[in-house]
Amino acid sequence: MLQFRIAHDDSSGVYDFGANENNRYIAYPELVETLVAYLRREVQRLEQIRDEAILGPRVMGVHLSVNSPSASLLSTMSKPLRATVNCDMGEGFSLFTMGDDEGLMKTIHLANIACGFHASDFSVMNKTVLLAKVNHVLVGAHPSLPDLQGFGRREMAIEPDELASCFVYQVGALDGFLKRHGLPLNHIKPHGAIYGQTARNLDLARAVVGVANIFTGRGARPDTGVAFMGLAGTAHQHAAEELGVPFIAGSISFPCMPVAADITHSE
């Protein structure tokens with residue numbers, strides 16, 4: 001049985017929520033009950049994918065994974081959790097800016113940089129790569145469907161070969177700027193509508209995941225090549241395993257729910 005504690009520090013006025021043997025419920029009992037039920041569902045879901053999903057991102061050439069059983073995640077909730085933060089960056093265009101890239105770059109580990117088809121241009125791309133270099137942030141390509149007007153959020157009927165060419169075109173552009181500034185390409189993460197389309201369709205997933213191998217240097221070990229960031233347990237991960245591409249489970253926030261901050265979500 002899962003037990004939770006909400007403790008209050010009278011000196012600081014801070015509430016702390018965590019798992020503990022000494023169960024103490026204070027205030028909002030309905031909220032606590034709802035949270036307990038939700039976490040139980042999450043434990044079941046995590047147990048189903050823990051043996052096949054790599055939940056951690058690659059840092060300094062090493063792909064990190066959750067080694068302990070997923071149920072133990074809850075038992076350590078009262079302790080600090082380490083996380084690697086990835087963020088979509090460089091999504092301005094011409095004289096227009098989108099977000100505080102300079103400020104955000106100081107707080108993240110992985111940057112997914114737009115490649116021109118939903119946002120960005122050569123100047124924005126160059127500036128964003130430089131920001132990543134200054135802040136020691138690993139860089140990934142963030143290609144999309146060709147949809148500047150819709151910010152890449154509108155689905156498109158597209159064949160796998162055509163989609164692969166679309167991604168090679170965009171990743172190649174970013175890779176040029178990375179080479180210019182002496183940085184490696186760390187990963188590829190699809191943007192917007194094509195992220196969902198490729199998660200559902202294995203043929204499309206193979207097309208975009210395969211692009212990672214094109215930009216992996218010859219002789220590279222499977223665990224050190226260009227990775228693919230996608231949604232665990234979907235066609236993204238299946239295609240990555242099939243093609244021998246390192247996989248990073250992306251768009252995840254505790255407790256492991258896919259979330260994008262600029263999209264309206266429903267359960």
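What you see is a predicted model; the values in this text were computed from it and never measured. Heads up: numbering here begins at 1 and tracks the sequence.
The one candidate from Leu110, Asn112, Ile108 that meets the side chain to side chain contact (heavy atoms under 4.5 Å, CB included) condition with Met89 is Ile108.
In this structure, Glu91 and His118 have side chains that are in contact, with non-hydrogen atoms separated by less than 4.5 Å. The shortest side-chain heavy-atom distance between Pro146 and Met156 falls under the 4.5 Å cut-off. Residues Lys189 and Asn86 are in side-chain contact: their nearest non-hydrogen atoms beyond the backbone lie under 4.5 Å apart. Within the 4.5 Å cutoff, the side chain of Arg153 has heavy atoms near those of the His191 side chain.
In this structure, Phe228 CZ and Leu243 CG are separated by 10.5 Å, a value rounded to the nearest 0.5 Å. To the nearest 0.5 Å, atoms CG (Leu174) and NZ (Lys179) are separated by 10.0 Å. With rounding to the nearest 0.5 angstrom, the OG1 atom of Thr198 is 12.0 Å from the CG atom of Asp203. Rounded to the nearest 0.5 angstrom, Ile188 CD1 and Met229 CE are separated by 11.5 Å. How far OH of Tyr195 is from CG of Leu145: 14.5 Å, rounded to the nearest 0.5 Å. With rounding to the nearest 0.5 angstrom, the CG atom of Leu185 is 11.5 Å from the CD1 atom of Ile214.
With sequence neighbours excluded, the residues satisfying side chain to side chain contact (heavy atoms under 4.5 Å, CB included) with Ala132 are Met105, Val137, Val139. In this structure, the side chain to side chain contact (heavy atoms under 4.5 Å, CB included) partners of Ser120, at least two apart in sequence or on a different chain, are Ala114, Val124, Met125.
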### Task
In sequence, state the C-alpha distance, the side-chain angles, and the governing distance for Val85 and Thr107, and then conclude on side-chain contact (heavy atoms from CB on, under 4.5 Å).
CA-CA 8 Å; Val85 180; Thr107 67; 5.9 Å; no
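More than 12 heavy atoms of other residues, nucleotides or ligands lie within 6.0 Å of CD in Glu242, so this atom counts as buried by the packing criterion. More than 12 heavy atoms of other shown residues, nucleotides or ligands fall within 6.0 angstrom of atom CG in Asp100. By the 6.0 Å contact criterion, CD on Glu102 is open, its count of non-hydrogen atoms from other residues, nucleotides or ligands being 12 or less.
Residues Val168 and Phe122 share a hydrophobic cluster, clusters being chains of Ile/Leu/Val/Met/Phe/Trp/Tyr side chains in contact below 4.5 Å. No single ILVMFWY cluster, assembled from side-chain heavy atoms under 4.5 Å apart, contains both Leu202 and Ile158. Phe177 and Phe215 fall within the same hydrophobic cluster, defined by Ile, Leu, Val, Met, Phe, Trp and Tyr side-chain heavy atoms under 4.5 Å apart, directly or through other members. Cluster annotation: Leu104 and Leu130 are assigned to distinct hydrophobic clusters (Ile/Leu/Val/Met/Phe/Trp/Tyr, side-chain heavy-atom contacts under 4.5 Å, transitive). Under the 4.5 Å side-chain heavy-atom criterion for ILVMFWY residues, no single connected hydrophobic cluster contains both Ile194 and Tyr169.
When all heavy atoms of Ala239 and Val209 are compared, the pair lying nearest together is CB-CG2, 3.9 Å. Across all their heavy atoms, Ile248 and Ala227 have their closest contact at CD1-CB, 3.8 Å. Residue Leu204 comes nearest to Leu163 through the heavy atom pair CD2-CD2, 3.8 Å, listed as atom of the first residue, atom of the second, then distance. Nearest approach of Ala205 to Ala235, heavy atoms of both residues: CB-O, 3.6 Å. Of all heavy-atom pairs spanning Ser144 and Cys166, the tightest one is O-SG, 3.5 Å. The shortest non-hydrogen separation linking Ala207 to Pro160 is CB-O, 3.3 Å.
Put simply, the side chain of Asn135 gets close to the backbone of Leu131: a donor and an acceptor are under 3.5 Å apart.
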